[in-house]
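A quick write-up on the structure given underneath.
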Amino acid sequence: MGIEFWHIWTIIAIIFFIIEVFTSGFLIACFGIGCVVAGVIAGFGFGLNIQIIGFSVGTLLSFLLIRPLMTKWLNRKSDEVKMNADALVGAIGVVTVEIDNIKNTGRVRVQGDDWRAENLTNEVLNVGTKIEVVEVKSTVLIVKPFK
């Protein structure tokens with residue numbers, strides 16, 4: 001007894017699942033699921049044409065039904081975690097150079113970094129005043145006095 005079609009489909013499925021480990025998006029695994037379906041069909045003794053149809057249908061259904069669920073599940077926490085400059089919104093800092101929007105001066109220290117700053121309320125903020133970051137515009141923090 002030599003190698004049969006279901007063996008080949010199983011080997012290809014395993015290869016696809018291994019590749020999926022190194023990629024994101026649950027894309028390659030859909031092809032692996034199609035291979036599993038084709039392998040089951042081959043195991044029941046159906047011909048190659050039916051196996052290819054099974055592979056196509058299994059892959060298509062996994063793209064349409066399983067992939068959206070998996071990507072939603074895999075990315076479930078990505079909305080909760082703020083990254084880069086977005087993480088600064090709401091942070092508390094201290095004025096290091098007087099903030100005066102008219103004179104175009106002002107710097108703050110937030111989370112250990114020094115940033116150019118503008119005051120949301122247009123009032124002058126003196127050195128040492130605690131501030132809260134309201135918005136990030138490019139490399140400028142828009143701040144307000146912290147209360």
Side-chain angles (χ1 to χ4, degrees), residues 5-44 48-147:
F5 276 120
W6 72 268
H7 293 128
I8 295 171
W9 286 113
T10 303
I11 291 168
I12 295 171
I14 291 170
I15 291 170
F16 279 139
F17 290 132
I18 290 171
I19 293 171
E20 179 63 39
V21 170
F22 300 103
T23 62
S24 64
F26 201 75
L27 186 67
I28 305 298
C30 293
F31 291 106
I33 292 170
C35 289
V36 170
V37 171
V40 170
I41 291 172
F44 284 114
L48 184 59
N49 290 338
I50 302 297
Q51 293 172 32
I52 292 173
I53 291 171
F55 169 76
S56 301
V57 170
T59 301
L60 181 64
L61 288 176
S62 64
F63 270 119
L64 297 175
L65 302 175
I66 298 172
R67 185 172 184 266
L69 296 174
M70 288 303 293
T71 54
K72 185 176 181 180
W73 181 74
L74 290 171
N75 297 325
R76 66 190 179 278
K77 291 187 179 181
S78 64
D79 292 338
E80 298 171 11
V81 178
K82 293 182 179 180
M83 301 293 290
N84 302 328
D86 294 332
L88 292 172
V89 176
I92 307 302
V94 64
V95 176
T96 57
V97 174
E98 180 181 75
I99 299 175
D100 188 341
N101 292 353
I102 295 171
K103 293 180 182 176
N104 200 21
T105 62
R107 296 198 75 80
V108 294
R109 181 164 302 279
V110 179
Q111 296 177 352
D113 292 321
D114 189 60
W115 291 85
R116 164 103 171 71
E118 294 178 1
N119 188 0
L120 181 67
T121 61
N122 287 326
E123 63 184 86
V124 176
L125 296 178
N126 296 319
V127 174
T129 305
K130 281 193 168 187
I131 53 92
E132 179 180 359
V133 178
V134 177
E135 184 181 352
V136 179
K137 288 186 179 179
S138 185
T139 59
V140 179
L141 301 183
I142 308 301
V143 301
K144 67 178 184 180
F146 178 71
K147 297 178 176 151

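Just so you know, residue 1 is the first one in the sequence shown, and it goes up from there.
- Expressed to the nearest 0.5 Å, how far CE of Met70 lies from CD of Glu20 amounts to 8.5 Å.
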request  = Show your reasoning for whether side-chain contact (heavy atoms from CB on, under 4.5 Å) applies to Val133 and Ile142.
outcome  = CA-CA 6 Å; Val133 178; Ile142 308 301; over 6 Å; no
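- Heavy atoms from other residues, nucleotides or ligands lying under 6.0 Å from CD1 of Ile102 number 12 at most.
- Residues Val127 and Thr96 share a closest heavy-atom pair of CG2-O, 3.7 Å.
- Note that CG of Leu69 and CZ of Phe26 are 9.5 Å apart. Values are rounded to the nearest 0.5 Å.
- Inter-residue side-chain proximity for Phe17 and Val36 is flagged as met; some heavy-atom pair is nearer than 4.5 Å.
- Looking only at atom types and distance, the side chain of Asn119 has no donor-acceptor partner in the side chain of Asn101 under 3.5 Å away.
- Within the 4.5 Å cutoff, the side chain of Leu141 has heavy atoms near those of the Leu88 side chain.
- For Leu48 against Phe5, the heavy-atom pair with the smallest separation is CD1-CE2, 4.0 Å.
- A heavy-atom distance below 4.5 Å is not found between the side chains of Thr129 and Val94.
- The two residues Ala42 and Trp9 have their closest heavy-atom pair at CB-CD1, 4.1 Å.
- Applying the 6.0 Å contact sphere to CZ of Phe16 captures more than 12 heavy atoms from other residues, nucleotides or ligands.
- Summarising the geometry, atom CD1 belonging to Ile14 is positioned 12.5 Å from atom CD1 belonging to Ile19; distances are rounded to the nearest 0.5 Å.
- The two atoms that bring Ala87 and Gln111 nearest to each other are O-NE2, 4.1 Å, heavy atoms only.
- Atom OG1 of Thr121 is separated from atom CD1 of Ile99 by 9.0 Å, given to the nearest 0.5 angstrom.
- One distance of note links SG of Cys35 with CD1 of Ile11; it measures 11.0 Å at 0.5 Å rounding.
- Val95 pairs in a side chain to side chain contact (heavy atoms under 4.5 Å, CB included) with only one of the listed residues (Val124, Val143, Leu125), which is Leu125.
- For the pair Leu27/Arg67, a side-chain contact is recorded, criterion being any heavy-atom separation below 4.5 Å from C-beta on.
- Ion pairing of Glu118 with Arg116 is present here, as a side-chain N (NZ or NE/NH1/NH2) and a carboxylate O approach within less than 4.0 Å.
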Show me the donor-acceptor pairs within less than 3.5 Å that the side chains of residues 57-64 make with the rest of the protein, sequence neighbours left out.
from, atom 1, to, atom 2, distance (Å)
Thr59, OG1, Phe55, O, 2.8
Ser62, OG, Cys30, O, 3.2
Ser62, OG, Gly58, O, 3.2
Ser62, OG, Thr59, O, 2.8

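- Taken to the nearest 0.5 Å, the CZ atom of Arg107 stands 14.5 Å off from the CD atom of Glu98.
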